[in-house]
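Right, one structure below, let's go through it.
Each chain gets a letter, A, B and so on, in the order the sequences are listed, and its residues count up from 1. What you see is a predicted model; the values in this text were computed from it and never measured.
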Protein chains: 2
Amino acid sequence: MNAQPLIDHFESFLPLSDTERQLIESRVARRIVRRKEEILRAGHLCRHYSFVAEGCLKMYVVDTKGVNYNIQFAAEGDWIADIGGFHSGKPSQAFIEAVEPSIVFTIEKEDLYHLYRSISKLDRIFKVIIENKFVELQNRVLQNISSTAHERYRSFVEQYPKLVQRLPNTQIASYLGITPEFLSKVRKDLSRH
Amino acid sequence: MNAQPLIDHFESFLPLSDTERQLIESRVARRIVRRKEEILRAGHLCRHYSFVAEGCLKMYVVDTKGVNYNIQFAAEGDWIADIGGFHSGKPSQAFIEAVEPSIVFTIEKEDLYHLYRSISKLDRIFKVIIENKFVELQNRVLQNISSTAHERYRSFVEQYPKLVQRLPNTQIASYLGITPEFLSKVRKDLSRH
DNA sequence: GTTTACCCTTAAACTATGTTAAGAAATGAG
DNA sequence: CTCATTTCTTAACATAGTTTAAGGGTAAAC
């Protein structure tokens, strides 16, 4: 099994030995995910971390009225999982599904824990990965509490220009915490300067 | 130097040997921080991670109009730092200051990196610490994009009942992303059921 | 123990965002 | 290629949250 994109990703943080690479490959699965296919359903256990090699997935929750809220997008090079549920073993409250045809590398909980024990630098690598994601998320919180929808949309376009091309605006609106109708108005306002 | 609260904190994740405890103590400083004293100023470098043993600190940014936005509170048992700036070595955009008289244990960057190299289980421990903080932050983002101010305030009270006693409402409003005036209205609405 | 600075509340007018509904445009599946 | 579905836009009206201003209450600091 060829997990090269994932290996490359790890090696962008720290070099790995041949043995380590082989051990990682032996514990990773490659999976093709079709558009709209779910890899996690609310109420089920989140059994794996997923690394996105191609395409894009989203994690979202659905409230009692059936409204969806996008918590996270994960495109090429990003990770996605319900981290809390993954470690606690409790049923997830979130869904994860592909918004485009995608290829992901998944690591099951037992395999990830085994890898942590065998390759201690993976603790370091994942610590750095999640630190980076933490900082991103903190910036998002800051945007949410300090900026108008216009500013948040402009920031999103600046920070994720590729996603803007690839995602329908309904999905972006859900991520920004506004309605698609209002996003439409925001875009009109911004387009005429 | 007695860093027992910090040692206890680490040992709530994984046990440490005597040698490890001593090494940690040798790289940690205990600091008393007075109310309103700043331990980080925007424009300066964030040189240390701080573990709060007593009291409470906040991290906030100030926009061009002089308005403050509270990104995070850290009370007993929590960590606080501008993680992005700490690792990148770039000037911070945030302030960190005590909202109560506090006692913190600080670790300088060089010391923390040294500890990571000498005690590899600290990579694991900090990975878990930040995973937990990530999950908390993700829930906060979800609240921000899905809930009204009333719901966000109720959640805050539920999740941080002690902080509600200890912080002025202005600080909580800034954390929730609303004005103090509107929080006052929210509190009135909620108080009469 | 005053005094000063900060904090809380209220209310009216204003602005940002949500809701509903409907038609037009774009896109995916067969 | 074409149908079915999803997405985008517009507009009128409704609600959530802000601004400004003012008075009274609390708590920190000297």
Side-chain angles (χ1 to χ4, degrees), chain A residues 32-37 55-56 58 60 63-70 73 97-102 143-157 163-192, chain B residues 33-38 55-56 58 60 62-70 97-102 143-157 163-192:
Chain A
I32 292 178
V33 191
R34 281 161 312 193
R35 197 177 115 84
K36 299 203 178 177
E37 185 179 345
C56 185
K58 67 175 175 179
Y60 65 100
D63 72 9
T64 49
K65 290 173 187 153
V67 182
N68 289 20
Y69 299 96
N70 286 345
F73 296 117
E97 76 171 50
V99 296
E100 296 176 345
S102 304
Q143 288 271 331
N144 282 337
I145 65 177
S146 70
S147 303
T148 65
H150 288 72
E151 293 165 334
R152 297 208 303 280
Y153 179 67
R154 275 179 21 97
S155 293
F156 184 86
V157 172
L163 282 186
V164 175
Q165 313 300 333
R166 291 158 61 181
L167 294 172
N169 287 329
T170 46
Q171 296 300 320
I172 296 172
S174 166
Y175 178 92
L176 295 176
I178 58 178
T179 60
E181 294 84 356
F182 190 60
L183 178 54
S184 187
K185 185 187 287 190
V186 166
R187 283 159 48 80
K188 191 168 110 188
D189 292 350
L190 294 178
S191 76
R192 52 178 174 211
Chain B
V33 191
R34 281 162 312 194
R35 198 178 115 85
K36 298 206 179 175
E37 184 179 344
E38 290 168 344
C56 183
K58 66 175 175 179
Y60 65 100
V62 182
D63 72 9
T64 49
K65 290 173 187 154
V67 182
N68 289 21
Y69 299 97
N70 286 345
E97 76 170 49
V99 295
E100 295 177 345
S102 303
Q143 288 270 330
N144 281 337
I145 65 177
S146 70
S147 303
T148 65
H150 288 72
E151 292 165 334
R152 298 208 301 281
Y153 178 68
R154 275 179 21 97
S155 292
F156 185 86
V157 172
L163 283 186
V164 175
Q165 313 300 331
R166 290 157 62 181
L167 294 171
N169 287 329
T170 47
Q171 296 299 320
I172 296 172
S174 167
Y175 178 92
L176 295 177
I178 58 178
T179 59
E181 293 84 357
F182 190 60
L183 178 54
S184 188
K185 186 186 288 190
V186 166
R187 284 159 48 78
K188 191 168 109 188
D189 290 351
L190 293 179
S191 75
R192 51 180 175 210

Rounded to whole Å, please give me the gap between OH in A:Tyr153 and P in C:dT17. 15 Å
Can you tell me the distance, in whole Å, between the CD atom of B:Glu181 and the P atom of C:dA13? 17 Å
For the pair made of CG in B:Asn144 and C1' in D:dG17, what is the distance, rounded to whole Å? 14 Å
If you only use heavy atoms from C-beta on, which nucleotide in C:dT17, D:dT7, D:dT18 is closest to the side chain of B:Ile178? D:dT18
Given atom CD of B:Gln171 and atom C1' of C:dC6, what is their separation to the nearest angstrom? 11 Å
Got a sec, which pairs hit salt bridge (Lys or Arg N to Asp or Glu O under 4.0 Å) with one end in residues 164-173 of chain B, sequence neighbours left out? B:Glu76-B:Arg166, B:Glu100-B:Arg166
With ring-ring contact (aromatic ring centres under 6.0 Å, His included) as the test, pick out the partner of B:Tyr175 among B:Tyr60, B:Phe156, B:Tyr69. B:Phe156
Please find the pair of heavy atoms, one from A:Ile145 and one from B:Ser174, that lie closest to each other, and give the distance. CD1-O, 3.7 Å
Could you tell me whether the phosphate oxygens of D:dC8, OP1 or OP2, come under 4.0 Å of any side-chain nitrogen or oxygen in A:Ser184? no
Just call it for A:Thr170: base, sugar-phosphate, or nothing, with non-hydrogen atoms closer than 4.0 Å on any strand. sugar-phosphate
CZ of B:Arg35 versus P of C:dA5: gap in Å, rounded? 14 Å
Out of D:dA28, D:dT18, D:dT9, minimum distance to the side chain of A:Arg187 belongs to D:dT9
All heavy atoms of B:Ala98 vs all of B:Arg34, minimum pair found to be CB-O, 3.4 Å
Is the phosphate of C:dC7, meaning OP1 or OP2, less than 4.0 Å from a side-chain N or O of B:Asn169? no
Side chain of A:Lys185, heavy atoms from C-beta onward: which of C:dG18, C:dC7, C:dT9 has the nearest atom to it? C:dG18
So which nucleotide from D:dG17, C:dG28, C:dG18 ends up closest to the side chain of B:His150? D:dG17
Can you tell which of C:dT17, D:dG17, C:dC7 lies closest to the side chain of B:Thr148? D:dG17
Does the side chain of A:Lys188 get closer than 4.0 angstrom to OP1 or OP2 of D:dT10 through an N or O atom? yes
For B:Phe182 and C:dA13, what is the distance between atoms CZ and P respectively, to the nearest whole Å? 18 Å
Atom-pair distance (CZ on B:Arg166; P on D:dA28), nearest Å: 13 Å
Give the rounded distance in Å between these two atoms: NZ of B:Lys36 and P of C:dC6. 5 Å
